[in-house]
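Here is the structure we will look at, set down as structure tokens.
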Amino acid sequence: MSQAESKEQFQRWQIIYLIKTKGLTPADAADTVGVTTGTVHQWVHLYNKNGPDGFILKGRGGRRSSYLTLDQETELLNEFASDAEKGLIITAWDVQKRIENKLGMKVSDDFVYDLFNRNGWRKVVPRPRHPKSKEEAQDEFKKNSQRLWMPPPSCD
């Protein structure tokens with residue numbers, strides 16, 4: 001117990017100590033430590049199965065499973081970066097198709113956008129036309145404007 005690195009680990013050792021040396025029942029040990037009886041049974045099972053190594057706590061959160069490693073993701077996006085530097089437009093759909101071909105399975109749209117986010121990419125789309133543009137006004141301008149610029153006549 002003195003070598004416990006966290007409160008949770010200390011509680012687990014405390015439960016084992018109370019049951020093994022003091023002879024408390026799982027229910028009494030649970031009341032003493034402040035956990036449920038089911039938790040006590042789980043911890044005793046972990047200790048019986050794995051010994052002291054069963055109480056080494058693994059961190060929570062993080063990236064537990066993935067289709068590609070971070071290095072593979074970076075390598076894949078670097079291929080697209082070289083295409084983008086040449087002036088080609090890269091779409092999420094293109095990236096998704098290449099990933100699906102590489103993995104041999106379908107991936108969701110969210111996977112692709114999460115991939116972009118993890119690697120610092122963002123969605124930048126060239127705008128084909130201004131959202132407030134009026135096509136009729138543009139056509140009218142094209143019809144009525146001069147083809148060449150002519151300087152205004154001088155006033156001499």
Side-chain angles (χ1 to χ4, degrees), residues 1-22 24-139 141-142:
M1 282 192 293
S2 63
Q3 295 176 354
E5 296 175 1
S6 65
K7 175 188 168 193
E8 293 82 11
Q9 200 173 31
F10 180 80
Q11 284 180 322
R12 292 171 188 219
W13 281 114
Q14 199 173 19
I15 289 291
I16 298 301
Y17 173 77
L18 291 173
I19 291 175
K20 203 170 186 184
T21 59
K22 298 292 184 184
L24 268 71
T25 65
D28 292 337
D31 289 339
T32 304
V33 176
V35 295
T36 65
T37 308
T39 301
V40 170
H41 288 293
Q42 284 179 343
W43 290 348
V44 169
H45 172 73
L46 274 175
Y47 182 78
N48 289 339
K49 183 178 177 187
N50 302 323
D53 292 340
F55 286 170
I56 296 174
L57 300 177
K58 294 163 184 70
R60 296 178 184 161
R63 186 181 161 114
R64 296 184 191 274
S65 63
S66 60
Y67 295 130
L68 300 169
T69 65
L70 291 174
D71 293 335
Q72 289 173 327
E73 287 180 358
T74 305
E75 181 182 320
L76 178 76
L77 290 177
N78 284 340
E79 294 172 16
F80 282 105
S82 63
D83 291 344
E85 288 170 359
K86 295 175 189 170
L88 299 174
I89 296 174
I90 308 302
T91 63
W93 188 81
D94 294 333
V95 175
Q96 184 176 6
K97 290 302 167 197
R98 187 158 323 163
I99 291 170
E100 288 174 352
N101 288 338
K102 185 172 187 166
L103 296 175
M105 60 183 280
K106 292 236 180 240
V107 295
S108 68
D109 296 343
D110 287 343
F111 173 81
V112 177
Y113 289 112
D114 289 343
L115 170 77
F116 289 160
N117 188 36
R118 275 193 299 274
N119 290 281
W121 283 43
R122 60 190 180 93
K123 184 178 177 183
V124 179
V125 178
R127 191 168 60 189
R129 63 181 189 86
H130 195 277
K132 294 182 180 179
S133 66
K134 296 177 183 166
E135 196 167 327
E136 302 85 29
Q138 289 176 353
D139 290 339
F141 178 80
K142 289 176 189 177

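Heavy atoms from other residues, nucleotides or ligands lying under 6.0 Å from NZ of Lys102 number more than 12. Summarising the local packing, CD1 of Ile89 is surrounded by 12 or fewer heavy atoms from other residues, nucleotides or ligands at distances under 6.0 Å. The environment of His41 atom NE2 is dense: over 12 non-hydrogen atoms of other residues, nucleotides or ligands sit within 6.0 angstrom.
Annotation: side chain of Val35 is in contact with side chain of Trp43 (closest heavy-atom distance under 4.5 Å). Here the side chains of Leu18 and Asp28 are not in contact, with every heavy-atom distance at 4.5 Å or above. Two residues are said to be in side-chain contact when any heavy atoms from C-beta on lie closer than 4.5 Å; Thr91 and Gln96 fail this criterion.
Contacts of Arg122 classified as side chain to side chain donor-acceptor pair (under 3.5 Å), with partners at least two apart in sequence or in another chain: none.
Taken from CD in Glu85 to CD1 in Ile90, the straight-line distance is 10.5 Å, to the nearest 0.5 Å. Atom CD in Gln42 sits 8.5 Å away from atom CZ in Arg12 (nearest 0.5 Å). Here the CD1 atom belonging to Ile99 is positioned 10.5 Å from the CG atom belonging to Asn101, to the nearest 0.5 angstrom. With rounding to the nearest 0.5 Å, the separation of CG in Leu76 from CG in Asn119 is 9.0 Å. Note that NZ of Lys22 is 11.5 Å distant from CD of Gln14, once rounded to the nearest 0.5 Å. The distance from atom CG of Leu68 to atom CG of Leu115, rounded to the nearest 0.5 Å, is 7.5 Å.
In this structure, the side chain of Thr74 engages the main chain of Leu70 through a donor-acceptor pair within 3.5 Å. A distance-only check finds a donor-acceptor pair linking the side chain of Gln72 to the backbone of Thr69 [under 3.5 Å].
The two residues Ala30 and Val40 come nearest to each other via the heavy atoms CB-CG2, 3.6 Å. Here the closest heavy-atom approach between residue Ile19 and residue Pro26 is recorded as CD1-CA, 4.3 Å.
Listed by first then second residue, pairs satisfying ring-ring contact (aromatic ring centres under 6.0 Å, His included) with a partner in residues 86-120 read Tyr67-Phe111, Phe116-Trp121, not counting sequence neighbours. Every pair passing salt bridge (charged side-chain N to carboxylate O under 4.0 Å, His left out) that includes a residue from residues 103-119 is listed here, sequence neighbours excluded: Glu73-Arg118.
Remark: Arg98 engages Glu79 in a salt bridge, criterion side-chain N to carboxylate O under 4.0 Å.
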